Structure formats: C-alpha cells, structure tokens
Amino acid sequence: MGRLGITEILIILLVVLLLFGGKKIPELMKGLGSGIKEFKNAAKDDQPTEKKSDEETK
C-alpha cells in the first residue's frame, strides 16, 4: 500500500477529469500554481527577517 503505480495514477486522473471536466482543470492548476508560488515567496521573505534579527543582536 505504499507506492502508486501507473494504473492507480491513471484512475485518479480519470476520476478528476470526470468530476471537474476538461474546461475546469486548467483553472484549478493555475490556482494551485499561484498558491505554491505565493507560499514560496512568503517562505523566502520570512528568512531574511530572521537573519536581520540575528545581525541586530550583535
């Protein structure tokens, strides 16, 4: 029960296609991509503030 094979991935993709339809999937992927991009930017912006606080304590 650990790994997904080709058959399982194809079944999952087929179910997603049936649930959302072909026209809705690109919109969902665009939203997912922008969400991931925002998360990465937030994580990147958070790191320099920690370094600044370390420099301020010196």
Side-chain angles (χ1 to χ4, degrees):
M1 184 172 169
R3 298 182 185 197
L4 290 176
I6 302 263
T7 308
E8 289 86 4
I9 292 173
L10 290 175
I11 291 172
I12 292 170
L13 290 175
L14 180 66
V15 169
V16 169
L17 182 63
L18 290 174
L19 288 176
F20 296 108
K23 294 181 181 179
K24 193 72 174 173
I25 291 177
E27 294 175 21
L28 292 171
M29 293 299 114
K30 184 177 178 181
L32 180 65
S34 64
I36 291 172
K37 186 177 180 180
E38 288 179 23
F39 178 76
K40 286 182 179 181
N41 287 339
K44 184 188 266 187
D45 290 343
D46 191 35
Q47 290 176 353
T49 58
E50 292 175 5
K51 290 179 182 178
K52 287 181 183 176
S53 65
D54 289 340
E55 291 174 359
E56 290 174 1
T57 57
K58 289 180 181 178

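Here the structure is a predicted model, which is why all the values come from computation and not from measurement.
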Other residues, nucleotides, ligands: >12 heavy atoms within 6.0 Å of Ile6 CD1: no
Distance, nearest 0.5 Å, that separates CG of Leu17 from CG of Leu13: 8.5 Å
In one Ile/Leu/Val/Met/Phe/Trp/Tyr side-chain cluster, 4.5 Å: Ile9, Leu18: no
hydrophobic_cluster_shared for Val16 and Leu19, side chain cutoff 4.5 Å: yes
Ion pair check, Glu27 and Lys30, cut-off under 4.0 Å: no
Distance (rounded to the nearest 0.5 Å) between Leu4 CG and Leu10 CG: 11.0 Å
Side chains of Ile11 and Thr7 in contact at under 4.5 Å (non-hydrogen atoms): yes
